[in-house]
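Notes to accompany the following structure.
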Number of protein chains: 2
Amino acid sequence: MLKLSTKGRYGVKAMFDLAQHMGEGPTSLKSIAERQGISEHYLEQLISGLRKAGLVKSVRGAQGGYLLGKEPDKIKIGDIIRVLEGPIAPTDCVSEEDPETCAKAQYCVTRTIWEKVRDSIAEVLDSITLQTMLEDAKKIESERSLYMYYI
Amino acid sequence: MLKLSTKGRYGVKAMFDLAQHMGEGPTSLKSIAERQGISEHYLEQLISGLRKAGLVKSVRGAQGGYLLGKEPDKIKIGDIIRVLEGPIAPTDCVSEEDPETCAKAQYCVTRTIWEKVRDSIAEVLDSITLQTMLEDAKKIESERSLYMYYI
DNA sequence: ACAAATCCCGAGTGTTTTTATAAGATATAA
DNA sequence: TTATATCTTATAAAAACACTCGGGATTTGT
C-alpha cells in the first residue's frame with residue numbers, strides 16, 4: 001500500500017528527538033518514548049538497528065542513554081528509513097539493494113514506472129536531514145510566537 | 001515498507017494488457033491471466049473493483065471479456081493504484097482521503113516529510129497513462145528490432 | 001433447448017508482517 | 001551496592017496479504 005510502517009515513523013521521531021536534545025548529554029529511551037508517545041520496549045528494538053548502523057551512539061549505565069552518531073546535517077531521513085525498513089523498493093524487482101532479477105526486465109514497461117516511483121521517494125527522503133528538520137521546527141516556532149504577539 | 005502489493009502491480013499489468021489488445025473485441029480474464037502469469041481467480045477480484053470504478057467495461061457470456069472503460073490517454077496509473085490500493089498515504093495522517101487528524105498536525109515536522117513523499121509518489125503515478133506505456137513499449141520494441149538487424 | 005464460455009460474488013484459509021510485550025543479562029554512576 | 005540504563009532473545013496477538021474455492025448469472029453458438 002506504499003505505506004510506511006511504525007518502524008520508520010517512530011525511528012524518525014526518535015532521531016529528531018535526539019537532535020532536539022543535543023548538547024544535553026545522553027538522552028534515555030524512556031524520556032524519548034514518553035515525549036513521542038511510543039512504547040519504550042518497542043523503541044528499544046528499533047534503536048538497536050540504528051546503533052549498529054552508526055546513526056546513534058549509546059552510553060550504558062545509570063544516567064546513560066543515546067546520542068546522535070553524526071552531526072544532524074550528516075543524517076538523512078533516507079538513512080534512517082533504510083536502516084529500519086530496508087532498501088527502498090516499491091517492488092522487489094526495483095529494490096535499491098540486489099533487485100530480484102526478472103527475465104523480462106529489459107522489456108518490462110511496468111518496471112520503469114516502479115523505478116521512477118522508487119527514485120522520487122529516495123530523492124525526497126535523501127534531500128531532508130535532521131538539520132533541515134531542526135530548522136523547520138525553529139521556523140514554525142518563531143511564526144507561532146509572532147502570531148501570538150499580534151493577537 | 002513503502003511497498004506496492006500484488007493488487008496494484010497485477011492491476012497495472014492487466015490494464016496494460018487490455019490496452020495492448022484494444023480493437024480486438026473483449027479480452028477474457030483467462031487470457032490476461034495466462035499472458036501475465038497471474039492467478040485468474042485472484043485477478044477476478046481485482047478487476048471487479050476496476051469495473052466499479054469505470055476503468056474497465058465488462059461483456060458477459062461466451063466470447064465476453066473486458067474492455068478499457070476510457071481511452072488509454074485518459075487512464076492514469078495513479079487511478080488504477082488508488083482503486084486497488086486505496087488513497088496514496090505513506091502515513092494515515094497525510095492520506096489523500098480524509099487524513100487522520102492529529103492535534104499536533106500544525107506543528108509536526110515529520111508530517112511535512114510524509115506529505116512530500118506522498119506528493120512525489122502521486123506526481124509520478126499521475127504523470128503516466130496507459131497511452132504513455134503503449135508508446136514506451138513500441139519504442140522498446142523498435143529499438144530491439146533495430147539491434148537485431150545489426151547483428 | 002442445451003452446452004460451453006465467461007463474468008460475478010462472497011466466504012474461507014494458510015502465510016507473513018507488524019507491533020508489540022516480557023524476562024533477564026550486562027554495564028555504569030553515585 | 002543499589003538504582004538506572006542499555007542490550008538480547010523469546011513469545012505472541014492482530015492485521016494484512018495472496019490467494020483458493022464454490023456456486024450463480026449471462027450470453028453465444030449448435
Side-chain angles (χ1 to χ4, degrees), chain A residues 1-14 18 21 24-34 36-69 81 84-87 89-92, chain B residues 1-14 18 21 24-34 36-69 81 84-87 89-92:
Chain A
M1 262 200 175
L2 287 174
K3 203 157 259 170
L4 225 59
S5 76
T6 53
K7 285 180 198 164
R9 287 189 285 127
Y10 291 178
V12 172
K13 278 190 170 192
L18 280 179
H21 292 86
E24 303 173 14
T27 308
S28 73
L29 267 196
K30 193 181 174 187
S31 65
I32 299 178
E34 271 172 13
Q36 304 297 331
I38 302 172
S39 147
E40 186 185 343
H41 278 296
Y42 189 40
L43 193 53
E44 217 164 42
Q45 292 178 16
L46 306 187
I47 211 151
S48 160
L50 295 171
R51 183 177 51 82
K52 282 166 190 162
L55 296 180
V56 301
K57 281 182 289 197
S58 66
V59 180
R60 299 182 70 164
Q63 263 58 52
Y66 292 90
L67 302 162
L68 287 186
I81 298 291
L84 295 172
E85 311 239 7
T91 69
D92 287 335
Chain B
M1 261 202 179
L2 287 174
K3 205 158 258 174
L4 226 57
S5 75
T6 53
K7 286 179 197 163
R9 286 188 287 126
Y10 291 178
V12 172
K13 279 190 172 194
L18 280 179
H21 292 87
E24 303 174 14
T27 307
S28 74
L29 265 195
K30 194 181 173 188
S31 65
I32 299 177
E34 271 173 12
Q36 304 297 332
I38 303 173
S39 148
E40 189 184 339
H41 276 296
Y42 190 40
L43 191 53
E44 216 165 39
Q45 291 178 15
L46 307 186
I47 211 152
S48 160
L50 295 171
R51 184 176 53 81
K52 282 165 189 160
L55 295 181
V56 302
K57 283 182 289 200
S58 65
V59 179
R60 298 182 72 164
Q63 261 59 51
Y66 292 89
L67 301 162
L68 287 186
I81 298 291
L84 295 171
E85 311 241 5
T91 69
D92 287 334

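If you're wondering where the values come from, they're calculated on a predicted model, not measured in any experiment. The chains referred to below are lettered A, B, ... by the order of the sequence lines, with proteins before strands, and numbering in each begins at 1.
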Practice task
For residues B/Ile81 and B/Leu4, determine if any side-chain heavy atom of one lies less than 4.5 Å from a side-chain heavy atom of the other.
Solution key: yes

Problem - Nearest heavy-atom neighbours spanning B/His21 and B/Thr27 - result: CB-OG1, 3.8 Å

Exercise for the section: Using whole Å, report how far CD of A/Glu44 lies from P of C/dA23. Expected result: 14 Å

Practice task
Could you tell me whether the phosphate oxygens of C/dT19, OP1 or OP2, come under 4.0 Å of any side-chain nitrogen or oxygen in A/Ser5?
Solution key: yes

Exercise for the section: Find which nucleotide of DNA chain D each of A/Tyr66 and B/Gly61 is nearest to by heavy atoms, and output the residue with the more 5' nucleotide. Expected result: A/Tyr66

Fill in the blank from the handout: Separation of C/dA5 atom P from B/Gln63 atom CD, nearest Å, is 9 Å

Fill in the blank from the handout: Whole-Å distance, A/Ile38 CD1 to C/dA20 C1', equals 13 Å

Exercise for the section: Using a cut-off of strictly less than 4.0 Å, decide whether A/Arg60 has a side-chain nitrogen or oxygen near OP1 or OP2 of D/dC7. Expected result: no

Handout entry: Quiz item: B/Gln45 side-chain donor-acceptor pair to C/dC9 base, under 3.5 Å
Key = no

Fill in the blank from the handout: Which of D/dT20, D/dC7, C/dC7 is nearest the side chain of B/Ser28? It is C/dC7

Practice task
Please answer whether the main-chain N or O of A/Ala14 pairs with a side-chain N or O of A/Gln36 as donor and acceptor at a distance below 3.5 Å.
Solution key: no

Problem - B/Lys3 NZ to C/dT17 P, straight-line distance once rounded to whole Å - result: 9 Å

Completion exercise
Rounded to whole Å, the CG-C1' distance (B/Leu2 to C/dT17) equals 15 Å

Exercise for the section: Quickly work out the B/Met1 CE to C/dT19 P distance and round it to whole Å. Expected result: 11 Å

Problem - A/Leu67 side chain near A/Val56 side chain, heavy-atom distance below 4.5 Å - result: no

Problem - Interatomic distance where CG belongs to A/Leu43 and P belongs to C/dT18 [whole Å] - result: 17 Å

Practice task
Using heavy atoms to find the nearest nucleotide of DNA chain D for B/Tyr42 and A/Ser48 separately, return the residue whose nucleotide is more 5′.
Solution key: A/Ser48

Handout entry: B/Asp92 to A/Lys3 - nearest heavy-atom pair and separation
Key = OD1-NZ, 3.2 Å

Practice task
Remember a base hit wins even if backbone is also touched, and classify B/Leu29 as base, sugar-phosphate or nothing at under 4.0 Å, heavy atoms.
Solution key: sugar-phosphate

Exercise for the section: Output yes when at least one side-chain N/O atom of A/Tyr10 is less than 4.0 Å from OP1 or OP2 of C/dT18, else no. Expected result: no

Completion exercise
A/Ile32 CD1 to D/dA5 C1', in whole Å, measures 12 Å

Exercise for the section: Determine: side-chain N/O of A/Ser58 to OP1/OP2 of D/dC7, distance under 4.0 Å, yes or no. Expected result: yes

Problem - C/dT19 phosphate, OP1 or OP2, under 4.0 Å from A/Thr6 side-chain N/O - result: yes

